[in-house]
Amino acid sequence: MLPLIAVNALVVLGPSLLAVYYSFTDWNGIGTAKWIGLDNYTELAGDAEFRNALWHNILWTIFFLVVPMAMGLFGAYALTRIRRFRLLFRVAYFLPYIVASVITAAIWENLLSPDVGIGEVLHLNFLGSQTLALPTVAFVNNWAWWGFLVVVFLAAMQGVNPNLYEAAALDGAGPFRQFWSITLPSIQPTFMFLGLMTIIWSFLSFDYVYVLTQGGPAGATDVLSTLLYREAFASLRAGYASAVGIVMALISGVVVAAYLIIRKRKDWAV
């Protein structure tokens, strides 16, 4: 385990500790860092751009906890009800997830273009509208993401004891009742784990937002990761960007801690 620990200390622990230190400094990323204490965090508390990005992350998280999770459950349940071509459907669901996000975003950017794509037909500028931009980026991300949830939920559903369904059918329970009373409780640990990962990944979302809109128009799709990137590499405020990163890490830490507490109380194996 020593080589693995050494690599993790080099590429994870070391930069993490440095990020904590630099979050208390005024640093442009190149020269000498100047210690300023809590000034970066004080500025964050009053930064309208930070609040705007945080709010968008919250909306993003709510969307991905509801829409993709529901679609994933429905898709996995539908696959359990069919007997032919199940593998083909699993591949079709999962294929968008393994395509590079930059390629997916570029394809959808052209499809939604107001000049030559769907936007031209509907006379809408999906990525240029302050109202439509964030839902559009979330839709594109969801198109690639929900197939992964289908495959994971399907694996969990296939692990449910079939005798439970047989007993329920003998008692007169229909498909919906079986799904609600047997399937959902049986896959609850997997459901909660995917919910945890969805929250964490939602606060780390960057690629689709950056490729499609770079946080625009006028900050309509700005999230914490794009704000961090812009502050670090465009404004050359690496210290302030480190403070944004620490806040993101703290949010993820709170979510993970809550999950671990629930898992211990429920005695889940996941």
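All values below were derived from every heavy atom in this structure, side-chain atoms included, with hydrogens, water molecules and symmetry-related copies excluded.
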Task: Heavy-atom pair of closest approach, residues N57 and S202 - done: ND2-O, 2.9 Å
Task: Donor-acceptor pair, side chain of D171 and main chain of A173, under 3.5 angstrom - done: no
Open item on the list: With rounding to the nearest 0.5 angstrom, report the CZ to NE2 distance, F63 to H56.
Closed with: 14.5 Å
TODO: Look at atom CH2 of W35 and say whether more than 12 heavy atoms of other residues, nucleotides or ligands are closer to it than 6.0 Å.
DONE: yes
Task: Interatomic distance, Y240 atom OH to I36 atom CD1 [nearest 0.5 angstrom] - done: 10.5 Å
Task: Evaluation steps, side chain to side chain contact (heavy atoms under 4.5 Å, CB included), between V244 and L44 - done: CA-CA 8 Å; V244 176; L44 273 180; 3.7 Å; yes
Open item on the list: If you define the side chain from C-beta out and look only at heavy atoms, does anything of F179 sit under 4.5 Å from M157?
Closed with: yes
TODO: Could you tell me which non-hydrogen atom of N142 sits nearest to which non-hydrogen atom of M71, and how far apart they are?
DONE: ND2-SD, 3.5 Å
TODO: For residues V211 and A106, report the shortest heavy-atom separation together with the two atoms involved.
DONE: CG1-N, 4.4 Å
- [ ] Any chance you could lay out the ring-ring contact (aromatic ring centres under 6.0 Å, His included) test for W146 and Y97, step after step, and finish with the verdict?
- [x] CA-CA 8 Å; W146 80 284; Y97 177 74; over 10 Å; no
Open item on the list: Taking the side chain as everything from C-beta on, heavy atoms only, tell me whether R265 gets closer than 4.5 Å to I261.
Closed with: yes
- [ ] Evaluate the ring planes of Y22 and W27, with Trp represented by its six-membered ring, and classify them as parallel (under 30°), tilted (30 to 60°) or perpendicular (over 60°).
- [x] parallel
TODO: Would you sort out whether L154 and Y93 count as a side chain to side chain contact (heavy atoms under 4.5 Å, CB included), showing the intermediate values?
DONE: CA-CA 11 Å; L154 179 62; Y93 283 142; over 6 Å; no
- [ ] Sort out for me which residue in L149, V150, V151 forms a side-chain contact (heavy atoms from CB on, under 4.5 Å) with F153.
- [x] L149
Task: No-hydrogen, no-angle side-chain donor-acceptor test under 3.5 Å, Y165 and T183 - done: yes
TODO: Give the ring-plane orientation class for F176 versus W180, where under 30° counts as parallel, over 60° as perpendicular and anything between as tilted.
DONE: parallel
- [ ] Report yes if the side chains of V137 and L127 come closer than 4.5 Å at any heavy-atom pair, otherwise no.
- [x] yes
Open item on the list: I'd like to know if V20 and L18 are part of one continuous hydrophobic network [Ile/Leu/Val/Met/Phe/Trp/Tyr, side-chain heavy atoms within less than 4.5 Å].
Closed with: yes
- [ ] Could you check whether the rings of W143 and W108 sit parallel, tilted or perpendicular, using 30° and 60° as the cut-offs?
- [x] perpendicular
TODO: Report the distance from atom CG of L204 to atom CE of M197, rounding to the nearest 0.5 Å.
DONE: 9.0 Å
Open item on the list: Would you say that L38 contacts F24 through its side chain, given a criterion of any heavy-atom pair below 4.5 Å between the two side chains?
Closed with: yes
Open item on the list: Using 30° and 60° as the class boundaries, would you call the ring planes of F148 and F94 parallel, tilted or perpendicular?
Closed with: tilted
- [ ] Check whether any side-chain heavy atom of L260 lies under 4.5 Å from a side-chain heavy atom of K264, and answer yes or no.
- [x] no
- [ ] Provide the closest heavy-atom pair for A9 versus P15 in the form atom of the first, atom of the second, distance.
- [x] O-CD, 4.4 Å
TODO: Mind checking the CZ-CG spacing from F233 to L228? Nearest 0.5 Å is all I need.
DONE: 8.0 Å
Task: Non-hydrogen side-chain atoms of V67 and F139 separated by less than 4.5 Å - done: no
- [ ] Answer with yes or no whether the hydrophobic clustering places L111 together with I103; edges join I, L, V, M, F, W, Y residues whose side-chain heavy atoms lie under 4.5 Å apart.
- [x] yes
- [ ] To the nearest 0.5 angstrom, please state how far the CD1 atom of I251 sits from the CE atom of M248.
- [x] 8.0 Å
Open item on the list: Under a 3.5 Å distance rule, please check whether Q130 uses its side chain to pair with a backbone N or O of P217 as donor and acceptor.
Closed with: no
TODO: State, yes or no, whether a side-chain contact exists between I199 and L196 at a heavy-atom distance under 4.5 Å.
DONE: no
Task: Flag, side chain of T213 to backbone of V209, donor-acceptor distance under 3.5 Å - done: yes
- [ ] Check the pair I246, L250 against side chain to side chain contact (heavy atoms under 4.5 Å, CB included), reporting the backbone distance first and the verdict last.
- [x] CA-CA 6 Å; I246 295 302; L250 289 175; 4.2 Å; yes
Task: CD on Q214 to CG on D222, rounded to 0.5 Å - done: 11.0 Å
- [ ] For this output row, return yes or no: ring centroids of F203 and W60 closer than 6.0 angstrom.
- [x] no
TODO: Report the relative orientation of the aromatic rings in F206 and Y229; use parallel for angles under 30°, tilted for 30 to 60°, perpendicular for over 60°.
DONE: tilted
Task: Verify same cluster id: I62, W55 (apolar side-chain graph, 4.5 Å) - done: yes
Task: Heavy-atom closest pair, residues T226 and V223 - done: OG1-O, 2.8 Å
Open item on the list: L224 vs L54, test: side chain to side chain contact (heavy atoms under 4.5 Å, CB included). Steps then yes/no.
Closed with: CA-CA 6 Å; L224 291 177; L54 179 60; 3.9 Å; yes
Task: Nearest heavy-atom neighbours spanning G216 and T221 - done: O-OG1, 2.6 Å
TODO: Taking the side chain as every heavy atom from C-beta outward, state whether L112 and L212 have any pair of such atoms under 4.5 Å apart.
DONE: no
- [ ] Indicate yes or no for a side-chain donor-acceptor contact from N40 to the backbone of S23 under 3.5 Å, with no hydrogens or angles considered.
- [x] yes
